[in-house]
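These numbers were taken from a predicted model, which means no experiment stands behind them. Ligands are counted one by one from 1 in listed order, and the atoms in each one are counted from 1 as well. All heavy atoms count here, side chains included; hydrogens, waters and symmetry mates do not.
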Amino acid sequence: MRRFARTLAGCVALGVLTASCSGTSADTSSATSTPIVASSTTTASTSVPSTSTVIESGEYSAGAAGIGDIYYPSLGNGGYDVSAYDLDLEYSANGSVSSSITIDARATENLSSFNLDFSGWEIERLTVNGEPTAFQRSVDELIIGPVEIPAGEVFAVAMDYRGVPAPKESDATPFPIGWFSGPSGEQFVVAEPDAAHSWFPANDHPLDKAVFSFAVTVPDGFSAAANGDLVDVVEHPTTSTFYWVMASPMAPYLATVVISRDLEISDDPVASVAAGIPIRNMLPPDLTTQQLAALESTGEMVQVLESAFGPYPFDQYGIAVVGGFPGALENQTLSVFGRAMVDAPYFEYVLVHELAHQWFGDAVSVGQWSDIWLNEGFATYAELLWVEDRHGSSAYREEIASRMEAARIAQYGPPGTPSPNDLFDSSVYQRGAFVLVALRDEVGDDLFFETMRTYVDRYTNGNVTTDDFIAVAEEISGNDLTRLFDVWLFGEQLPA
Ligand code: TRP
Ligand code: ZN
């Protein structure tokens, strides 16, 4: 259909960089990975992987250096569960940042030492329960100990550190990710999947979600946003501190700060009324009427997605628009959009895509990065729902047909087994969405949307595997859907 980009395929969020937006270049990255046997190690009720059992007595040993991710074995750590990150950042206009963090955690084993993920920066002070504690650094691991923390005990790690933040190479993405400095001096963080620990020490895996608070001090004339609610702004002689609180559990990779001299934080009254929650954006002054109108439709997007997936999972939403980055990322309650995405003809679709990630990715998080289609395929499917809502069911069909055609030409591989070094390739997005198209066609609208709502409701604030989704789909429909998922999710060839 003419009014949509021929294919939004892979354009969303990462596509500009991976060149699949043109619809001409096939992304033929070969998936070297083996199919994942999804183990049900994760549940909605706890963010502690069930592999770490609380040992009440006995020996003390080192917490594991990884949480058990099959694709990224050194991400996250074992032996404890973080409940809160309290981050205090002071940004100077010369680019340097001075930080203090307190991490509240609970041991799940008797710990003689434990790791945090952390890279870069200079550590000035580190304490555990207020006691200065030895540490070693090795690449992306911060090894803290000796300590003697019994299983079940709550402990606090505090650390002061400083440096000049910079993006970091990632195995998962074709470009560095993390803390960026934009062309107008704006600072912003886009860290999926493995760069949270390039700006704060973390148990950097979605299996360990925690609440966050941020105190961001900036020179006069700057403003600062982060996830959640702006609860206070305190002015000092030459600086101001912006206090933000993210009260719902959040995976560390979704934490962000945006600091800028030019962007203004303001509520969109029309979108907020329609959404039923504050929609507050951090925008440059020069957006066009059309771009502002698309932003205003965020409220209706919330309505459309709520009727498909159930209630919006957080208390607020908005986007920040930054320069110098050609992608968009669904940071919890504050998606960050590179200006190129806002200027693109498909801006509206990126908006609905990132909004849908608040359900799929943020509220309901993967337990293994290899299951990334549960985020990207679902957010891409939401674009199709928006097409259907705005333009009707034949437009929905046409859009699917044109994307299928593009997917066939590009020979996308199976979305259930993405390449670990190209986690966000177009096959995950487009073929991932086709899995849901096929499921809806198979079970019908009522059971399909009931499946989506049950899945969200059951796993909000928790983690999922592909098997968890399949189980909900089979439970709601009463059908054995093995073949459907084998073909659409794991089949080498796109079905005819
Ligand atoms: N999840 C993003 C999306 O909406 C894509 C993405 C992954 C990304 N890693 C990123 C974007 C890092 C910006 C920076 O599709
Ligand atoms: Zn996405």
Give the numbers and elements of all ligand 1 atoms closer than 4.0 Å to a heavy atom of Val190.
14 (C)

As an exercise, identify every atom of ligand 1 less than 4.0 angstrom from a heavy atom of Glu330.
1 (N), 2 (C), 3 (C), 4 (O)

Give the numbers and elements of all ligand 1 atoms closer than 4.0 Å to a heavy atom of Phe325.
13 (C), 14 (C)

Checking heavy-atom distances from atom 11 (C) of ligand 1 to each of Ala328, Gly327, Pro167, Pro176, the winner is Ala328

Could you check if a side-chain atom of Gln291 sits within less than 4.5 angstrom of a side-chain atom of Leu283, using non-hydrogen atoms only?
no

Can you confirm whether the side chains of Thr465 and Asp468 place a donor and an acceptor under 3.5 Å from each other?
yes

Report yes if some N/O of Glu354 lies less than 3.5 Å from some N/O of ligand 1; otherwise report no.
yes

Counting each atom of ligand 1 from 1 as listed, which ones have a heavy atom of Tyr429 under 4.0 Å away?
2 (C), 3 (C), 5 (C), 15 (O)

Decide whether Arg280 and Tyr317 meet the rule of one side-chain donor and one side-chain acceptor closer than 3.5 Å.
no

Whether Phe314 and Tyr312 hold their rings parallel, tilted or perpendicular, with breakpoints at 30° and 60°:
perpendicular

Sub-4.0 Å atoms of ligand 1 with respect to non-hydrogen atoms of His357
3 (C), 4 (O), 15 (O)

Is the shortest heavy-atom distance from the side chain of Thr380 to the side chain of Gln430 under 4.5 Å?
yes

Within the 4.0 Å heavy-atom shell around His353, which atoms of ligand 1 are there?
3 (C), 4 (O), 15 (O)

Angle in degrees, rounded to 10°, that NE2 of His353 and OE1 of Glu376 form at the Zn ion (ligand 2):
110°

Short N-O contact, Arg431 and Asp425, less than 4.0 angstrom
no

Ligand 1 atoms in contact with Ile177 (distance to a heavy atom under 4.0 Å)
12 (C)

Separation of Glu192 CD from Leu254 CG (nearest 0.5 Å):
7.0 Å

